[in-house]
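Below: the structure, in structure tokens.
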Amino acid sequence: MTDVASPRNSAGRAQGMLKSAGVLWFLIATAGQWVFVYYIAMYYGRKSLTGDYGTINDRGLISGYVNGDFIGNLLFLSHVLLAMVMIVGGTLQLTPPLRKRFPALHRWTGRVFILIALVLAIGGYFMTWAQGVRLSDIGALGVSFNAHLIVVFAGLTLFYAVKRRIDVHRRWAMRLFIVANGVWFFRICLMGWYMMHQGPVGNTSQLDGPADIAISFACYLVPLAVLTLYQWASDSSSGLFKWSMAGVTFLGVLATGFGVFAAYLMMWSPHF
Ligand code: HEM
């Protein structure tokens with residue numbers, strides 16, 4: 001006879017709840033990232049395809065398209081257009097049924113994802129510091145540290161894949177997914193912050209206010225910390241740890257949904 005109140009069953013239920021919370025967060029995040037991609041396609045994709053470069057800066061960019069600057073424009077447009085491929089690729093890469101059914105495809109799309117993440121990080125870093133495309137020095141530090149993490153995590157993800165240490169590889173791939181989507185997290189956090197406070201509080205137009213600086217680091221460091229705790233809880237035999245992290249992940253689902261809704265409303269949908 002099964003003892004329904006046994007600690008083993010309780011830990012099993014906690015593990016199931018933890019997994020469900022993780023899957024739910026991934027689904028919400030995927031939906032939110034695809035809305036971001038739709039915005040990029042509708043705004044930058046459409047203008048690039050029709051050659052309507054003159055109006056690209058209408059949405060208030062830092063530098064955007066500069067008449068006559070061939071190299072700068074090529075860098076900027078390839079940055080935004082490659083972002084679409086990387087974001088969609090990242091969500092497909094972490095989808096278990098696709099990974100299990102098409103392992104050869106997973107390997108190739110994984111290589112492409114890592115390559116594009118590196119190109120975006122290094123290209124973005126170059127635009128920010130070599131071309132001066134930044135609102136303020138201090139405001140640009142968050143995304144720059146994000147770029148360093150992308151390079152390190154991409155290296156570790158690839159290293160463990162080549163070494164066939166698949167479990168460690170999978171964990172670094174998830175961490176890479178978080179930091180490679182740092183700019184998406186920044187947007188949903190900033191817009192969520194504005195919506196929560198009915199306007200800017202601790203923010204400036206140069207993005208160097210205390211709230212801007214905190215958000216520019218916390219937007220990817222907090223999800224990274226939650227993911228790490230989630231992975232530890234999944235390994236742990238403690239039911240309490242698993243239940244607690246399932247609760248934290250469900251809060252993450254709500255926060256992510258709220259941030260995506262705010263970014264959709266204030267940042268992306270006006271350009272659909
Ligand atoms: C790796 C993931 C990245 C993605 C997916 C990404 C995506 C984007 C997108 C979509 C834009 C257009 C802005 C918008 O319409 O909202 C953009 C612009 C830009 N990004 Fe990135 N980016 C990434 C990494 C970085 C990094 C690491 C840096 C800097 C260290 C950076 C620096 C910039 C700059 C300077 C612009 C131009 C802003 C302007 O002229 O207004 N990006 N990026």
Side-chain angles (χ1 to χ4, degrees), residues 29-30 32-48 53 55-67 69 71-91 93 112-155 157 175-191 205-207 216-217 219-221 223-224 259-260 262-264 266-272:
T30 298
Q33 289 178 2
W34 286 31
V35 177
F36 185 37
V37 167
Y38 186 71
Y39 147 75
I40 300 174
M42 284 296 113
Y43 193 75
Y44 296 104
R46 195 157 47 185
K47 286 184 191 298
S48 301
Y53 302 115
T55 60
I56 279 190
N57 295 356
D58 287 359
R59 72 169 294 291
L61 296 168
I62 306 172
S63 164
Y65 186 85
V66 180
N67 258 332
D69 180 7
I71 298 289
N73 292 334
L74 191 68
L75 195 62
F76 170 70
L77 286 175
S78 59
H79 183 85
V80 292
L81 298 177
L82 280 175
M84 291 192 288
V85 184
M86 191 211 73
I87 298 169
V88 172
T91 58
Q93 200 63 10
V112 171
F113 175 82
I114 288 181
L115 184 69
I116 299 181
L118 287 173
V119 167
L120 292 182
I122 296 166
Y125 201 85
F126 182 82
M127 284 197 282
T128 304
W129 298 107
Q131 296 188 308
V133 187
R134 60 183 182 274
L135 290 169
S136 62
D137 288 356
I138 192 150
L141 289 182
V143 72
S144 303
F145 184 54
N146 189 176
H148 288 98
L149 292 185
I150 292 173
V151 174
V152 174
F153 291 8
T157 304
R175 291 173 196 139
L176 177 61
F177 175 79
I178 299 285
V179 292
N181 283 298
V183 300
W184 172 80
F185 278 114
F186 179 72
R187 282 156 176 78
I188 67 165
C189 287
L190 188 67
M191 292 302 115
S205 55
Q206 302 301 106
L207 289 183
S216 70
F217 283 95
C219 67
Y220 56 88
L221 290 177
L224 208 51
V260 167
Y264 163 79
M266 294 190 269
M267 212 176 208
W268 302 326
S269 63
H271 304 287
F272 284 1

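Residues take their numbers from the sequence shown, with the count starting at 1. Indexing begins at 1, ligand by ligand and atom by atom, following the structure's order. Because only heavy atoms are used, hydrogens play no part in the values below, and waters and symmetry mates are left out as well, while side chains stay in.
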How close does the nearest protein non-hydrogen atom get to atom 34 (C) of ligand 1, and which residue and atom is it?
Met127 CE, 3.8 Å
Nearest protein heavy atom with distance in Å, relative to atom 40 (O) of ligand 1:
Gly64 N, 2.9 Å
Identify, for atom 31 (C) of ligand 1, the protein heavy atom at the shortest distance, and state residue, atom and that distance.
Gly124 CA, 3.4 Å
Under the side chain to side chain contact (heavy atoms under 4.5 Å, CB included) rule, what do Tyr43 and Asp58 come out as? Steps first, then yes or no, please.
CA-CA 10 Å; Tyr43 193 75; Asp58 287 359; 4.0 Å; yes
Residue part near ligand 1, for Ile150, under 4.0 Å between non-hydrogen atoms:
side chain
Starting from atom 13 (C) of ligand 1, find the nearest protein heavy-atom neighbour and note its residue, name and distance.
Arg187 NH2, 3.4 Å
Does only the side chain of Ala180 get under 4.0 Å from ligand 1, or the backbone, or both, or neither? Count heavy atoms.
backbone
Residue portion contacting ligand 1 (non-hydrogen atoms closer than 4.0 Å) for Ile40
side chain
For ligand 1, which is the ligand I care about here, please tell me if Tyr125 has any N or O atom under 3.5 Å from one of the ligand's N or O atoms.
no
Where does the angle between the aromatic ring planes of Phe145 and Phe217 fall among parallel (under 30°), tilted (30 to 60°) and perpendicular (over 60°)?
tilted
More than 12 heavy atoms of other residues, nucleotides or ligands under 6.0 Å from CD1 of Ile138: yes or no?
no
Can you pull out the closest protein heavy atom to atom 39 (C) of ligand 1? Residue, atom name and distance to 0.1 Å, please.
Ile62 N, 3.4 Å
Does Leu207 reach the side chain of Leu190, with side-chain heavy atoms less than 4.5 Å apart?
yes
Dump the intermediate steps for side chain to side chain contact (heavy atoms under 4.5 Å, CB included) on Leu221 and Leu149, then the final yes or no.
CA-CA 10 Å; Leu221 290 177; Leu149 292 185; 4.2 Å; yes
Leu176 and Phe113: CA distance, side-chain angles, deciding distance, side chain to side chain contact (heavy atoms under 4.5 Å, CB included) verdict
CA-CA 10 Å; Leu176 177 61; Phe113 175 82; 3.7 Å; yes
Name of the residue among Leu77, Val66, Asn67 meeting side-chain contact (heavy atoms from CB on, under 4.5 Å) with Tyr53
Leu77
Indicate, as side chain, backbone, both or neither, the part of Trp184 found under 4.0 angstrom from ligand 1 when only non-hydrogen atoms are considered.
neither
To the nearest 0.5 angstrom, please state how far the CG atom of Asp69 sits from the OG atom of Ser63.
7.5 Å
Among all protein heavy atoms, pick out the one at the shortest distance from atom 6 (C) of ligand 1; state its residue, atom name and that distance to 0.1 Å.
Val183 CG2, 3.4 Å
Starting from atom 21 (Fe) of ligand 1, look over the N/O/S atoms of His79 and name the nearest one.
NE2
Structural part of Phe36 in contact with ligand 1, heavy atom criterion under 4.0 angstrom
side chain
Close-contact set for ligand 1 against Tyr44 heavy atoms, below 4.0 Å
12 (C), 13 (C), 14 (C), 15 (O)
Considering the heavy atoms of Thr128, write down every atom of ligand 1 situated less than 4.0 Å from one of them.
29 (C), 30 (C), 32 (C), 35 (C)
Would you compute the distance between atom CD1 of Ile87 and atom OG1 of Thr30 and round it to the nearest 0.5 angstrom?
11.5 Å
Measure the acute angle between the ring planes of Tyr39 and Phe36, then classify it against the limits of 30° and 60° as parallel, tilted or perpendicular.
parallel
For Tyr39, the ligand 1 atoms with a heavy-atom partner under 4.0 Å come out as 14 (C), 15 (O), 16 (O)
May I ask you to identify the nearest protein heavy atom to atom 9 (C) of ligand 1, giving residue, atom name and distance to one decimal place in Å?
Val80 CG1, 3.8 Å
Answer yes or no: does an N/O atom from Ser144 fall short of 3.5 Å to an N/O atom of ligand 1?
no
So Tyr65 and Lys47, do their side chains get closer than 4.5 Å, heavy atoms only?
no
Are side-chain heavy atoms of Phe177 and Phe153 found at a separation under 4.5 Å?
no
With side chain to side chain contact (heavy atoms under 4.5 Å, CB included) as the criterion, how do Ser48 and Leu81 come out once you've worked through the C-alpha distance, each side chain's angles and the decisive distance to 0.1 Å?
CA-CA 9 Å; Ser48 301; Leu81 298 177; 4.0 Å; yes
Contact atoms of ligand 1, heavy-atom distance to Ala83 under 4.0 Å:
5 (C), 7 (C)
Look at ligand 1 and say whether Arg59 reaches it with a heavy atom at a distance under 4.0 Å.
yes
If we only consider heavy atoms of Asn146, is any one of them less than 4.0 Å away from an atom in ligand 1?
no
Just go through Val133, Ile56, Leu118 and tell me whose heavy atom is the nearest to atom 35 (C) of ligand 1.
Val133
Got the closest protein heavy atom to atom 27 (C) of ligand 1, with its distance?
Ala147 CB, 3.6 Å
For residues Arg59 and Tyr44, determine if any side-chain heavy atom of one lies less than 4.5 Å from a side-chain heavy atom of the other.
yes
